[in-house]
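Reviewing the structure listed below.
Proteins come first, then strands; the chains are lettered A, B, ... in the order of their sequence lines, and each starts at number 1.
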Number of protein chains: 2
Amino acid sequence: MLFLVGLGLSDETDITVKGLEIVKKASRVYLEAYTSILLVDQAVLEKYYGRSITVADREMVESNSEEILRNAQTEDVAFLVVGDPFGATTHTDLVLRARELGIPVQTVPNASILSGIGACGLQLYSFGQTVSMVFFTDNWRPASFYDRIKENRDIGLHTLVLVDIKVKEPNMESMARGRIVYEPPRYMTVGQCAQQMIEVENDRQEKVYTKDSLAIGAARVGGLTEKFVAGTLEELCSADDALGPPLHSLVLLGRRTHELEMDYVRQFAVDKEKWDRIAKEEYGKQ
Amino acid sequence: MLFLVGLGLSDETDITVKGLEIVKKASRVYLEAYTSILLVDQAVLEKYYGRSITVADREMVESNSEEILRNAQTEDVAFLVVGDPFGATTHTDLVLRARELGIPVQTVPNASILSGIGACGLQLYSFGQTVSMVFFTDNWRPASFYDRIKENRDIGLHTLVLVDIKVKEPNMESMARGRIVYEPPRYMTVGQCAQQMIEVENDRQEKVYTKDSLAIGAARVGGLTEKFVAGTLEELCSADDALGPPLHSLVLLGRRTHELEMDYVRQFAVDKEKWDRIAKEEYGKQ
């Protein structure tokens with residue numbers, strides 16, 4: 001059996017009791033470690049589970065799944081995913097390959113950023129499609145997120161923006177010299193995300209949002225050090241110190257934001273007077 | 001401290017290790033039991049936790065929260081919520097009242113139907129806003145879901161339809177005679193939901209969807225007996241036997257459904273030939 005086990009959002013005790021029992025008994029334990037991270041190290045997990053863990057990077061999952069699925073017809077293999085197995089990234093490919101090999105699959109759900117973000121005080125019901133923001137480079141500035149946000153905002157909905165993480169990225173210079181050296185991990189911040197959003201609005205000028213649109217920066221959602229900072233996109237450009245360490249994500253408010261949602265989020269506002277003024281002028285409209 | 005503890009979707013072992021530790025130590029334990037249910041009885045939970053549980057019905061949470069929050073400035077109170085505390089229903093009111101009383105609040109996230117539904121094979125990224133379907137009566141047929149679905153479908157997105165549950169509803173006849181007698185619990189099925197959707201389309205005639213639109217019926221998502229049935233809304237009207245016991249929910253596909261999503265969902269189709277034909281004609285368009 002292949003078990004896809006969600007680990008939740010924060011630390012080693014966020015695994016479910018069901019998940020923990022599976023991990024303790026499985027023949028092999030893999031940790032998917034390229035789409036998200038927990039706030040604790042692998043060594044902490046290994047000690048807590050009493051098991052050694054093989055870190056599965058993107059290459060292993062996408063190109064070398066035979067190793068993960070080896071003998072899973074008769075043995076139990078646990079594949080651990082931060083958050084929920086169907087959360088930010090699906091592992092449909094791995095499941096399909098398992099099925100082809102006659103391997104039964106069972107999923108153990110857990111908290112996902114898609115529901116955990118509700119802690120900011122916005123109704124999960126009123127979120128539109130989720131978008132992703134990647135690190136822009138000089139010549140790669142994918143802006144499809146802008147069209148998706150436009151669709152959400154046209155009907156008044158909030159948008160959750162998940163931000164890029166770069167783990168185990170090869171250094172290009174070394175690659176050119178025939179050596180593989182990995183860059184240190186990089187986690188996009190709310191400030192970087194807000195800055196890129198403003199840049200794209202400046203390029204496109206379709207007024208999907210402005211630097212004065214209200215948004216919420218979120219850090220370490222679901223953990224004990226969870227932190228929210230609310231403000232305009234411009235204000236969020238300099239909120240990284242207040243938010244602290246990764247992982248970050250951002251929510252852009254929809255104009256249908258209810259008064260009660262606004263009141264709740266207000267407690268996190270950088271500048272409450274400004275928040276109230278923009279909230280009154282621009283939001284709460286059906 | 002007030003702890004809002006998510007229980008996950010299925011049975012007693014879906015609680016997180018962190019949540020279980022809180023429940024074991026809390027002074028009092030409440031179970032919110034009117035917006036969703038687990039697939040196991042309260043007695044199973046009590047035995048598993050080694051604690052007695054007070055069931056908190058809607059009236060208690062909404063009108064008698066003083067009891068829940070009593071002494072929570074100095075004692076730990078655990079308020080258990082099926083799924084994720086911020087999932088289908090938020091308990092913002094309770095949190096706000098706790099804050100007014102100077103009671104710190106901590107949330108323990110868990111799996112929600114909003115992410116668990118990803119097991120059907122559709123990308124969670126491509127869901128629009130979530131809607132709710134209530135039991136229609138002769139003179140109460142709220143159809144705001146229809147407008148919300150229209151908004152989602154206009155931009156090609158999937159819609160998760162959460163269905164009504166009626167727990168501890170007073171019998172109207174008895175009430176008129178001055179006695180309170182509760183009706184047995186009722187859980188809406190996918191068949192009833194699909195039927196009501198078709199009725200509203202027949203009333204409104206805006207072609208937001210038709211009886212031939214593709215949808216997925218889901219039952220006991222996240223549990224060992226999880227079951228999906230895919231087909232047209234008309235086919236889903238008679239899929240209740242195949243789906244089995246509650247809880248049910250329904251997903252209406254958006255026209256942006258990707259080929260890979262379609263292939264995955266196909267395994268659940270009542271009539272694969274019909275599924276393929278409609279999928280080819282109507283879906284996968286940007």
Side-chain angles (χ1 to χ4, degrees), chain A residues 6 8-21 48 83-88 90 92-93 95-96 99 106-121 123-132 148 151-152 154-157 221-222 224 226 260-261 263-264 267, chain B residues 6 8-21 48 83-88 90 92-93 95-96 99 106-119 121 123-132 148 151-152 154-157 162 221-222 224 226 260-261 263-264 267:
Chain A
L9 295 167
S10 172
D11 66 37
E12 69 278 14
T13 64
D14 286 323
I15 193 168
T16 65
V17 176
K18 185 180 284 171
L20 185 58
E21 284 166 9
Y48 191 75
D84 183 82
F86 295 105
T90 66
T92 312
D93 267 8
V95 171
L96 286 174
R99 295 226 170 124
Q106 193 190 314
T107 300
V108 182
N110 207 321
S112 158
I113 183 68
L114 299 182
S115 50
I117 194 66
C120 73
Q123 294 281 348
L124 293 173
Y125 270 66
S126 303
F127 279 74
Q129 59 201 316
T130 305
V131 305
S132 295
R148 300 285 95 82
E151 291 170 340
N152 287 343
D154 280 348
I155 53 178
L157 301 178
V221 169
L224 283 174
E226 177 178 81
L260 288 176
E261 293 176 285
D263 283 352
Y264 194 93
Q267 67 184 303
Chain B
L9 294 167
S10 172
D11 66 38
E12 70 278 14
T13 64
D14 286 323
I15 194 169
T16 65
V17 175
K18 186 179 284 172
L20 184 59
E21 284 167 8
Y48 191 74
D84 183 81
F86 294 106
T90 66
T92 313
D93 268 6
V95 171
L96 286 175
R99 295 226 171 124
Q106 193 190 317
T107 300
V108 182
N110 207 320
S112 157
I113 182 69
L114 299 182
S115 49
I117 195 65
Q123 294 280 348
L124 293 173
Y125 269 64
S126 303
F127 279 74
Q129 58 200 318
T130 304
V131 304
S132 294
R148 300 285 94 82
E151 291 170 339
N152 287 342
D154 280 349
I155 53 177
L157 301 178
L162 300 175
V221 168
L224 283 173
E226 177 178 80
L260 288 175
E261 294 177 285
D263 282 352
Y264 194 92
Q267 67 183 304

Walk me through it: do E226(B) and T107(A) pass the test side chain to side chain contact (heavy atoms under 4.5 Å, CB included)? CA-CA 10 Å; E226(B) 177 178 80; T107(A) 300; 5.9 Å; no
Please assess L124(A) against T130(B) for the test side chain to side chain contact (heavy atoms under 4.5 Å, CB included), listing each intermediate value before the final yes or no. CA-CA 8 Å; L124(A) 293 173; T130(B) 304; over 6 Å; no
Taking all non-hydrogen atoms of both residues, which atom of N110(A) and which atom of S115(B) are closest, and how far apart? O-OG, 4.2 Å
Between V108(A), L9(A), D11(A), which shows the greatest number of heavy-atom pairs under 4.5 Å with chain B? D11(A)
Rounded to the nearest 0.5 Å, how far does CG of L157(B) lie from CG of L157(A)? 9.0 Å
Decide side chain to side chain contact (heavy atoms under 4.5 Å, CB included) for S132(A) and Y125(B); before the verdict, give the C-alpha distance in whole Å, the side-chain angles of both, and the deciding distance to 0.1 Å. CA-CA 9 Å; S132(A) 295; Y125(B) 269 64; 2.7 Å; yes
For side chain to side chain contact (heavy atoms under 4.5 Å, CB included), just list the numbers for Q129(A) and N152(B), CA-CA rounded to whole Å, side-chain angles, deciding distance to a tenth of an Å, and then say yes or no. CA-CA 9 Å; Q129(A) 59 201 316; N152(B) 287 342; over 6 Å; no
Heaviest contributor of heavy-atom pairs below 4.5 Å to chain B, chosen from A111(A), G121(A), S10(A), G156(A), is A111(A)
Residue L20(A) versus chain B: region with a heavy atom under 4.5 Å: side chain
Do you know the tightest heavy-atom contact between P109(B) and G222(A)? CG-CA, 3.8 Å
Residue from Q267(B), R99(B), E12(B), E261(B) scoring the most non-hydrogen pairs under 4.5 Å with chain A is R99(B)
Would a 4.5 Å heavy-atom cut-off, applied to side chains only, mark T16(B) and V17(A) as touching? no
Flag the pair I155(A) / I155(B) as yes when at least one side-chain heavy-atom distance between them is below 4.5 Å, and no otherwise. yes
Sequence neighbours excluded, the answer for side-chain contact (heavy atoms from CB on, under 4.5 Å) partners of L96(B) is Y264(A), T92(B)
Counterpart residues, side-chain hydrogen bond (donor to acceptor under 3.5 Å, both in side chains), relative to D263(B) (two or more places apart): none
Chain A contacts, top residue of G8(B), A119(B), G116(B) (heavy-atom pairs, under 4.5 Å): A119(B)
Any chance you could measure E151(A), atom CD, to D154(B), atom CG, to the nearest 0.5 Å? 10.5 Å
